[in-house]
Amino acid sequence: MTTSQLHIALLAFPFGSHAAPLLTLVQKITPFLPSNTIFSFFNTSNSNSSIFSKTPNQENIKIYNIWDGVKQGNDTPIGREAIELFIHSTPTNFEKTMKEAEEETGVKFSCIISDAFLWFSSEFANKMNIPWIAFWTAGSCSLSIHLYTDLIRSNDETLLKIPGFSSTLKMSDMPPEVIAESLKGPMPSMLYNMAINLHKANAVVLNSFEELDPIINKDLKSKLQKVLNIGPLVILSSNNVFLDANSDESGCIQWLDNQKERSVVYLSFGTVTTLPPNEIIAIAEALEDKKMPFIWSLRDNGVKILPKGFLERTNEYGKIISWAPQLEILAHRSVGVFVTHCGWNSILEGISYGVPMICRPFFGDQKLNSRMVESVWEIGLQIEGGNFTKSGTISALSTFFNEEKGKVLRKNVEGLKEKALEAVKLDNGSSIENFKVLVELVKCHKPT
Ligand code: UDP
């Protein structure tokens, strides 16, 4: 078996927007590694087909489907059940397919880059005597909270002691896994194991930039071997492969070209979340009441719930599409506010293109991200009462289009956008410097 060639094992967490950023990371790092480097991408077949259908595959990425935990003949589970079956099938599903990949390629792994959730990668790497690089696909704020799980569970007051958060941080902002009654359930136990094993990672890589949360990052650096913020990945390269101005299949960009500067509301709730019917109706009524130009990323099951005749009545000033070119939309000068569920990718994309936000978080790190948007970075608002009502939505939208406060929030997000651009500047941007450290780490280790 060859040991001189680089063979990087990529272990993806196949739910939400986790696997796609890992693939993005591979695409970013490839040009800096020897041309014969092999990447083996381990992910479930469902997630593989979804992410590789959106991005053309590189020749040197070998795609492996690992078992998703669903027994043959059983119905395909969805939501939490699918996640729990997958977690139960780890780590043996990864281990088995990784062995096959080494045999098939005839090249031993030189490094493991895994989603940080997959903490058992530490044990794989240890056995193989190669580095483990953990990729935390969310912000440094949520990573920090997970590392403080024991302290947070010990008493309420500790929230005030966690560096880098405002005093408005509440227990209700915590990711549910951190404050779960028991840490034994599949998700809480996976995240807790991650928290207690992450110091073993040779580096923890984040899709964020240090200047966004300097105090939190200083604290993380005191707890982990290497903390490498290399984001925002969407703007990391000057030749932005993500913005595809030539493709405007949905006609959104052409439509935006004809709207007034900063006049359009963009609404999107990520890849997993489905809004409750009453909230879909509340948003629709608010948009119609104010006749605000909008683009709404809404899947067919949501469109069915819209008030009768809504599509016809708003046809002149609104667009509903089932999958939006989110980056191109956020980058467009006509967009004035982003209504979001606060998934990390969406938050960072909003910041990268300087668009203030209205937050309606649901699960995971979203409530914490929403708190950061409103109280720490001051670049947006949480929706009144935690969910959309017609009056709450009108009031939040009015802030951005009529009031002084909206101008301040916009100015703040534009300031963060500048910092993000500084971080990815080629000469000495902090994310670029961290990226170089990552490349060296991946390059230098050979299996023994
Ligand atoms: N996205 C998109 N078009 C849509 C909806 C979402 O391109 O209509 C992308 C969005 O740009 C982001 C990702 O899907 O990169 C959603 O990730 P996020 O972390 O915000 O949420 P999740 O899907 O994990 O809940």
Side-chain angles (χ1 to χ4, degrees), residues 12-25 27-28 43 46-47 50-51 53-55 78-80 82-83 115-117 135-143 175-176 187 206-208 231-236 240-245 247-253 255-256 264-275 294-303 318-332 335 338-353 355 357-370 372-373 380:
F13 182 72
F15 300 98
S17 297
H18 274 249
L22 184 64
L23 178 59
T24 305
L25 179 63
Q27 288 162 335
K28 296 283 178 188
N43 191 15
N46 265 348
S47 175
S50 153
I51 61 168
S53 69
K54 286 182 199 131
T55 327
I78 49 164
R80 181 155 292 276
I83 299 178
D115 193 295
F117 281 16
F135 182 30
W136 178 250
T137 58
S140 41
C141 48
S142 51
L143 178 58
M187 273 300 278
L206 292 98
N207 179 15
S208 187
L233 282 171
V234 285
I235 53 168
L236 182 65
N240 199 334
V241 292
F242 294 90
L243 287 185
D244 186 359
S247 137
D248 185 21
E249 280 168 27
S250 58
C252 280
I253 306 306
W255 183 85
L256 281 171
V264 175
V265 183
Y266 171 57
L267 307 100
S268 165
F269 303 96
T271 57
V272 186
T273 303
T274 311
L275 285 179
F294 67 88
I295 296 181
W296 189 350
S297 167
L298 185 66
R299 287 183 284 272
D300 291 347
N301 53 353
V303 174
K319 248 181 128 44
I320 292 202
I321 41 173
S322 57
W323 181 258
Q326 180 156 311
L327 299 182
E328 286 83 351
I329 291 175
L330 290 172
H332 200 285
V335 173
F338 179 18
V339 183
T340 171
H341 70 308
C342 299
W344 181 251
N345 293 293
S346 294
I347 294 281
L348 198 63
E349 289 160 12
I351 291 174
S352 300
Y353 297 109
V355 184
M357 293 162 230
I358 294 174
C359 301
R360 173 15 177 146
F362 286 82
F363 58 85
D365 59 342
Q366 296 165 7
K367 288 193 175 149
L368 184 69
N369 296 339
S370 167
M372 299 297 284
V373 165

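Ligands are counted one by one from 1 in listed order, and the atoms in each one are counted from 1 as well. Quick note: numbers below take in every heavy atom, side chains included, and nothing from hydrogens, waters or symmetry partners.
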Do me a favour and list the nearest non-hydrogen protein atom to [atom] with residue, atom name and distance?
atom: atom 20 (O) of ligand 1; value: S346 OG, 2.6 Å
atom: atom 24 (O) of ligand 1; value: S17 N, 3.0 Å
atom: atom 15 (O) of ligand 1; value: E349 OE2, 2.6 Å
atom: atom 23 (O) of ligand 1; value: T271 OG1, 2.4 Å
atom: atom 25 (O) of ligand 1; value: H341 NE2, 2.9 Å

message: Looking at K367, I want to see if its NZ is surrounded by more than 12 non-hydrogen atoms of other residues, nucleotides or ligands under 6.0 Å.
response: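 Atom NZ in K367 is not crowded, with 12 or fewer foreign heavy atoms closer than 6.0 Å.
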
Compare [options] and give the one whose heavy atom is closest to [atom].
atom: atom 8 (O) of ligand 1; options: S268, A20, S297; value: S297
atom: atom 4 (C) of ligand 1; options: F15, F363, W296, W323; value: W323
atom: atom 19 (O) of ligand 1; options: L233, N345, L298; value: N345

message: Do W136 and F117 have side chains that approach each other closer than 4.5 Å (heavy atoms only, starting at C-beta)?
response: yes

Output yes when a side-chain donor or acceptor of [X] lies under 3.5 Å from a complementary backbone atom of [Y], and no otherwise.
X: S53; Y: S50; answer: yes
X: S346; Y: C342; answer: no
X: D115; Y: A12; answer: no

query: F13 and N43: side-chain contact (heavy atoms from CB on, under 4.5 Å), yes or no, with the steps?
result: CA-CA 7 Å; F13 182 72; N43 191 15; over 6 Å; no

Heteroatom distance test (Q366, ligand 1): nitrogen or oxygen, under 3.5 angstrom: no

- line: Residue set satisfying side chain to side chain donor-acceptor pair (under 3.5 Å) with N369, at least two apart, ordered chain then number -> D365

- prompt: Going by atom types alone, do Q326 and S268 pair a side-chain donor with an acceptor below 3.5 Å?
  reply: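 The criterion, which ignores hydrogens and geometry beyond distance, is satisfied for S268 and Q326.
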
message: Could you check whether any heavy atom of H18 sits closer than 4.0 Å to an atom of ligand 1, since that is the contact criterion I want to use?
response: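 Distance cut 4.0 Å: H18 fails for ligand 1.
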
query: Short list, please: which atoms of ligand 1 are under 4.0 Å from a heavy atom of W344?
result: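 Checking each atom against W344, I get 19 (O).
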
message: Under a 4.0 angstrom heavy-atom cut-off, which atoms of ligand 1 come close to A324?
response: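 Taking each heavy atom of A324 in turn, ligand 1 has 2 (C), 3 (N), 4 (C), 7 (O), 8 (O) under 4.0 Å.
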
